[in-house]
Every structure is written in C-alpha cells, then in structure tokens.
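Report on the structure given below.
Chain identifiers are assigned alphabetically (A, B, ...) following the order of the sequence lines, protein sequences preceding nucleic acid strands; residue numbering begins at 1 within each chain.
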Amino acid sequence: MDAIKKLHGRLIVTGLYRDAYSVSRVLSSYAASSSCFNDARLVLHQIEQPNKFIWNSMIRGVSQTDQPREAFSYYNQMRPTGSEQNHLTFIFIIKACERIRQIEAGKQIHGHIIKLGFVSHLFVSNALIHVYGFCGAPELARKVFDETPERDLVSWNSLICGYGQNNRMRDVLDLFEAMQGESIIADAVTLVKVLLACSHLEEWNAMDKSVEYIRVNNVTMDIYLGNTLIDICGRRGRIELARRTFDEMPERNVVSYNTLIMSYTKAGDLAAAVNLFNEMPERDVISWSSIIDGYSQAKQFVRALELFYEMMVADVQPDEITLASVLSACAHLGALDVGRGVHDYIRKNSIKADIYIGNSLINMYCKSACIAEAVEVFEEMKEKDTVTWTSLIAGMAVNGFANTALEFFGKMLGAGIKPSGPTFIAVLHACTHNGLVDEGVQYFNSMREYHIEPDMKHYGCVVDLLSRSGKLNEAYDFIEKLLVPPDPVVWRILLSACKQNGNVEMAEIVTKELLKTDPTNSGNYVLMSTTYAGADRWDESMKLMTGHKNQQAVYLDEKVLTSLGCERYQWPLAPKANRCCMHNSQAFDFVMNVVSVCAAVPNNNQLEFQKVKDVKLFQRNSCVNSSSCNDVKLSGLSGYMAVDMAEVSCWRTGLSSVKGYPSVIVNKERWVFAKAV
DNA sequence: GTAGGGTTAG
C-alpha cells in the first residue's frame, strides 16, 4: 500500500493524475483495501468520466467496508456517466447484496441481469445461486441452478452452501449424491459442507464414506477441509483421528490449532490442549477463549483467571465470549473484585452485552451475594431467557430473599418464560429457606404441568424442605416412596437434619441405609459421629471417628485460625501449637463451620470475602472431601455455602446454623470434640 | 487491467 501511495504522489507531482489508466490503477488499489477506501473516494472525485473499471473497483471495494450499502449508489451512478455494466459489475453488486443480506436487492439485480442478457454468464449465475442461498432462499438458488444452461463445480458448491446455510443438511447430502450420479468429482469445498452436514445429522456412516471419498478421489486436504475434519472428529470424541489429521495437514493456520485445542478440552485432556496452546505460532481471541474455557472446564478457575490476565498483557482484546467465560470463573471463585472489573471493562469498551454476558453477570453477582447488582443487570437486559430468570431467582433464594424469589418466579411465568428443572430447584430452595413447606410441596407437585420430570436433585430439595422444618418422619416416608433408588446424597441430607434435630434414633437408621450403598464416604461417619457428640454420647462418637483410618496432617497457623473467626470455638490447641492432625472430612467440617461464621457476619461483604480467601489458603493444605461438598451444594446446608477442592464460594444468609453445631477438631495426641459456644 | 464456492468458541 505504501508503494501505491508513492505512485499516487508521483502522479500528482508530475501532473499525470488525469491519466485515466494510471489513476484507475491507484484507485483500484485503494478501493481493494477497506482501510484505504476513503482515499479511493477522494480519487474518484477527481475523475471526470469514470469508466466501468473504476466503477467496478468502487463497487467491489465498498462492499468489503462497513458501508456495503453504498455499493448501490455507485451502481446507480454508472449509467448516467455513459459507462455500461459488464458481467463483473453484476458479480460485485451481487456480493454487496449478500453483505447487506437483503434478498429484495438481489432480486432487483437479478431482473437487471435478465434484461441485459447476462444470465447465461456462468460466473454471474453462480453468484446468483450463492446470493439466494446466503439470503435464506435456497429454492430460488435451486431455480437459477436448474435453469442455467451451463454449470460447473462452483455452481454445485454454491447451491450446496445455500442448503447448508439454511440448515437443510439432508439436501446437502442429496446434492452430493446427485453430483456423483452425474460423475462430477467433488472438491475440498464440497467436502467441507458434506462433512458438516454429516456431523449435524449424526450420520456417521455417511461421514465415514465421505472421508473415504476424500482418499479415493485424492481430494486435496487443504486448510479448510483439514480444519473441518479436525472439528468434527473432535466433536465425535475421535481425538486420535483429529490429531492425525492435524499432523498430516500440509499447511495449518490458527483455526487448525484452535479447533484441536477445543477438541482436547472437550475430551478432558487439558494437558494436551495447553501444550498445543504453548506451541502456537500466533494466537487470536478464540485461542485464548478456548484455553480459558479449558481451565474452567477442568475446574481450575484460578488458572483460568491467570490466563485471562496473560491475554490482556498479550494485548489481545477479549470479546463477549471470552468475558462470559471469565465471569463464570469469577462466579465459581466468588471473585467479586475481578467480576466487577470485568463488568466495568464491558461498559467501557462497548462489548456486545448479549444474553450470555447478562446471564454470566447475574450469576457472578448472585454467587457473590450482591443481589441488588444482579437485579440491576437483570433489568438492563433487553432479552431474557429461562437461564436469566432462574439465575436471579436462585440467587435470591439462597441469599435471604426467599419471598422476592417466589415473587419473581410468578413474574417469570407471567412473562411466558418456560421454567426448567433448575428453576424448580431455585423455587424449592426459596421455600426451604422461608419455611414454606406446603407451598414447596405444591411447587414440586406442579412440575409435571410444565413437562419437567423431577430428578434426584429435586428429591433432595424436598427432603431438605421437610427435614429442615423438623418433619423428619415425612422426609423419611418421602424417600421410602421414591420409585427410583435414592441417591446417598438424599439420605445424607436427612442424616444431617437428624443431627441438627438431635434425633439419634433416626440418624442411626439413616446411617445404616447409607452404609449399604456408600460405605467408603467418610462424610457418613462424620455426620453420625457428630450426631452422637451433639447428644453428649462421646464414647460412641469417638469410636466411629477413630475407627476410620483416612487421616491426613494439615497445617493450621494460629493466626489464620484467629483471623477466620475461630475464637468463637473452644480450640483445644496448646497455646503455641501450630499444627494439628485432622481427619479429611473434619477438615471439611472445619471449613464449613468457619465459612458459616463468615457468612453470618451481616452486611460485611468485604470481611466475608477476606475470610473466604483465607479459607482457601487453608484448604490448599488439606484434603477436603469432595463428595461431601457436592452434598452441601445440593442441600444448601450450613449457611448456604458451597465448598469444593478448587473453589470456595460463600453465600451470605440471614440465618446462622452455626450455633449448637458441634465442631470436631483434634490436637497432636488425640481426637477432641469441641462444641460451639 | 478487475471474477465465483468453504473452517473454529458460550
């Protein structure tokens, strides 16, 4: 382009700028580059009688800018100046129709083409086939295709692309068949569309045949075809075939790498994805988004955020897809500060705030207990779907706004938004946290009216609902009457309610049930043991505990303990002791209690999150029982928070279930039980 | 002097 500018300058200096040939070369080069299109406009103004070459250059050029509509203005200026359109004029103006996606414009141009006798021009009719397919009228494309006297491979491909564009996958495969009937050899372009159609229709036989076709007919495996093959192999879980395709491709580009990275993360092979990411010669926004998403899928949320920072440092602009993924990582971590930063970034950089971004923001704010901000985002959203409503209702339900949650559920139904399974989980949580037992049961019974089949999570919610209000017998009967075998989680919810209610008898019955199906889960022993402890039956409690071997040393800094609010407990630690031995699931219990204490500090988010951060530090040195964590998530026990290996998210609540909750800790010598003060 | 068809993320 510098050379063109130089040439332009010389023309002006030497007075040759009126020389039609030289000037048109300069104009054509300017026009072909969308960043220099304005220079083309200026040059055009200097030309008294632009010829068709110049008009064509302008039409082609402007179609590629963000003002493709202007192409019609140049097209309409052609005739009065005495220059006539040629076949290229039509090819270029049809591209402009495609850019603005207006079929009416295409039809109008089609009329001109017929009038001026260009329909029989192969490239022109191919362009027509393509524009009709692209603008949602594959029938019209077909009509041009059928009526045209001459066809080539591009005619077939254009028609096939039109069907593909309009999700007419079956027609794509039919046309491929028809091609073979006419002994036309397909090329890479055809095969890209055919393979995608097979993948959409999950026609694996047809797909294998198409791959065979490529081999038999020596179809060139170019970048597009290779990338497509990697993609669909990856989606189908045939990761080794995807890799082989990648390795055998004569040429690769950033899409090849991105596609294979996504195949790996989908297959759960994060290490391979990371290796590939590190090997990439260049990375675009999709590369970064894919690897960030890969870390999130592997639940490595901290690492996901680190990659996001690296992306910013590498000066790659994140888009709405990246940011939605980053917000989800923030939500998992309860990283409110980062989440707010992302929200700011979205506003300041006019990132397209689509429904995914809105939903992610709501989720992030709700997981950070910032319901007011979640509502603000909700109200700003132009379009809302089931996820939008459900996220907000769930956030309200577990953050002490149960009534508002139910009110919003009513509004959701009123707005004609279909509730989903998770919506009912949220609604049942709201009832549980508000003691609305009968209403909760009614909601549960109404699920089938919305064609939603309750699953184990819903059963868990109902058990939680009944047992939290002391209806342990009803909860037990409910479990007994289930038509499917109850998940251990469901029993465990009841068991922990027995503990809360000090109902040792039922706890023993439930534990017996639990040990039948889930004997290796240390959480079961802990719950029963602490139930005994709560009833001052220390011998039985100790026996259960020490009989279980899975012990692990964890390091507890006294300062950390104090900063965690542990002074609320009677710590049997020697004054200078800085470590103690803790059972896996006691470590879990410990975290639970501590976070509950944090959660009970009203209106002090900052304090709360500071503490949660420390809990994370603590957690890193311990082995927290992850199945217990899932139980917590499901049941909303212990102050409505969730803990798991890689995350701590803390939801504040007005209730404090801490009081009277026995905490089990241990000193160097022996297990000691301490009761909450 | 200017030409037509295809691939990746929630």
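Judged by distance alone, with hydrogens and angles left aside, the side-chain atoms of A/R252 form no donor-acceptor pair with the main-chain N or O of A/I223 at under 3.5 Å.
What separates NZ of A/K95 from C1' of B/dA3 is a distance of 10 Å, to the nearest Å. When rounded to the nearest whole Å, the span between CD1 of A/I129 and C1' of B/dG6 equals 16 Å. One atom, CG of A/N227, and another, P of B/dG6, lie 15 Å apart when rounded to the nearest Å. Spacing between atom CD1 of A/I230 and atom P of B/dA9 amounts to 13 Å, rounded to whole angstrom units. Atom pair A/M58:CE and B/dT2:C1' shows a separation of 14 Å (rounding to whole Å applied). Atom P of nucleotide B/dG1 and atom CD1 of A/I54 are separated by 15 Å, given to the nearest angstrom. Atom CG in A/N363 sits about 17 Å away from atom P in B/dG10, given to the nearest Å. Rounded to whole Å, the distance from NE2 on A/H200 to P on B/dT7 is 11 Å.
Ring planes of A/F134 and A/H130: parallel class, angle under 30° (limits at 30 and 60°).
The phosphate of B/dT7 has OP1 or OP2 within less than 4.0 Å of a side-chain N or O from A/K193. For B/dT2, neither phosphate oxygen OP1 nor OP2 lies less than 4.0 angstrom from any side-chain nitrogen or oxygen of A/H87.
A/Y75 is linked by a ring-ring contact (aromatic ring centres under 6.0 Å, His included) to A/H112, counting only residues two or more places apart in sequence or in another chain. Under the ring-ring contact (aromatic ring centres under 6.0 Å, His included) criterion, A/F378 pairs with A/W389, A/F408, not counting sequence neighbours. Taking A/Y257 as the reference, A/F246 meet the ring-ring contact (aromatic ring centres under 6.0 Å, His included) condition, with sequence neighbours excluded. Listed by chain and residue number, A/H8 satisfy the ring-ring contact (aromatic ring centres under 6.0 Å, His included) test with A/Y30 (two or more places apart in sequence, or in another chain). Contacts of A/C161 classified as side-chain contact (heavy atoms from CB on, under 4.5 Å), with partners at least two apart in sequence or in another chain: A/K193.
Between the side-chain ring of A/F123 and the base of B/dA3, no stacking contact exists by the 5.5 Å and 30° definition. A stacking contact between A/F92 and B/dA3 is absent: the pair does not combine a ring-centre distance of less than 5.5 Å to the base's six-membered ring with planes differing by less than 30°.
A/R60 comes within 4.0 angstrom of the backbone, heavy atoms only, and of no base. When heavy atoms are screened at a 4.0 angstrom cut-off, A/D354 is found touching base atoms of the nucleic acid. Contacts of A/T228 with the nucleic acid, taken as non-hydrogen atoms under 4.0 Å apart, involve only primed sugar atoms and P, OP1 or OP2. Among the atoms of the strands shown, base atoms are found under 4.0 Å from some heavy atom of A/L153. A/L225 comes within contact range of at least one nucleobase, with a heavy-atom separation under 4.0 Å. When heavy atoms are screened at a 4.0 angstrom cut-off, A/A32 is found touching no nucleic acid atom at all. Using a 4.0 Å heavy-atom criterion, one finds that A/T322 contacts no nucleic acid atom at all.
The side chain of A/D222 approaches B/dG6 more closely than any other nucleotide in the set B/dG6, B/dG10, B/dT2. Checking B/dG6, B/dT2, B/dA9 against the side-chain heavy atoms of A/I321 singles out B/dA9 as nearest. Looking at the side chain of A/D231, the nearest of the listed nucleotides B/dT2, B/dT8, B/dG6 is B/dT8. Comparing B/dG6, B/dT2, B/dA9 by their nearest atom to the side chain of A/A188 picks out B/dG6. Side-chain proximity of A/A324 to the nucleotides B/dA9, B/dG1, B/dG10 is greatest for B/dG10. You'll find that the side chain of A/V189 is closest to B/dG6, out of B/dG6, B/dA3, B/dG1. Distance from the side chain of A/I91 is smallest for B/dA3 among the nucleotides B/dT2, B/dA3, B/dG1.
Listed by residue number, the members of residues 233-267 of chain A with any heavy atom below 4.0 angstrom from DNA chain B are A/R235, A/V255, A/N258, A/T259, A/M262. Within residues 276-295 of chain A, the residues approaching DNA chain B are A/I286, A/S289, by heavy-atom distance under 4.0 Å.
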Assess the residue pair A/E70 and A/R41 against the criterion (salt bridge (Lys or Arg N to Asp or Glu O under 4.0 Å)); give the C-alpha distance rounded to whole Å, side-chain angles, the decisive distance to 0.1 Å, and a yes or no. CA-CA 11 Å; A/E70 256 186 67; A/R41 279 199 186 94; 2.7 Å; yes

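In terms of polar N and O atoms assigned as donor or acceptor, the side chain of A/S328 never comes within less than 3.5 Å of the base of B/dG10 in a complementary pairing.
Counting only residues at least two apart or on different chains, no side chain to side chain donor-acceptor pair (under 3.5 Å) pair has a member in residues 268-278 of chain A. The salt bridge (charged side-chain N to carboxylate O under 4.0 Å, His left out) pairs that include a residue from residues 161-178 of chain A are A/E139-A/R168, A/R168-A/D171, A/R170-A/E203, where partners are two or more places apart or lie in different chains.
Aromatic rings of A/F277 and A/W288 (six-membered ring for Trp) have centroids within the 6.0 Å cut-off, being under it.
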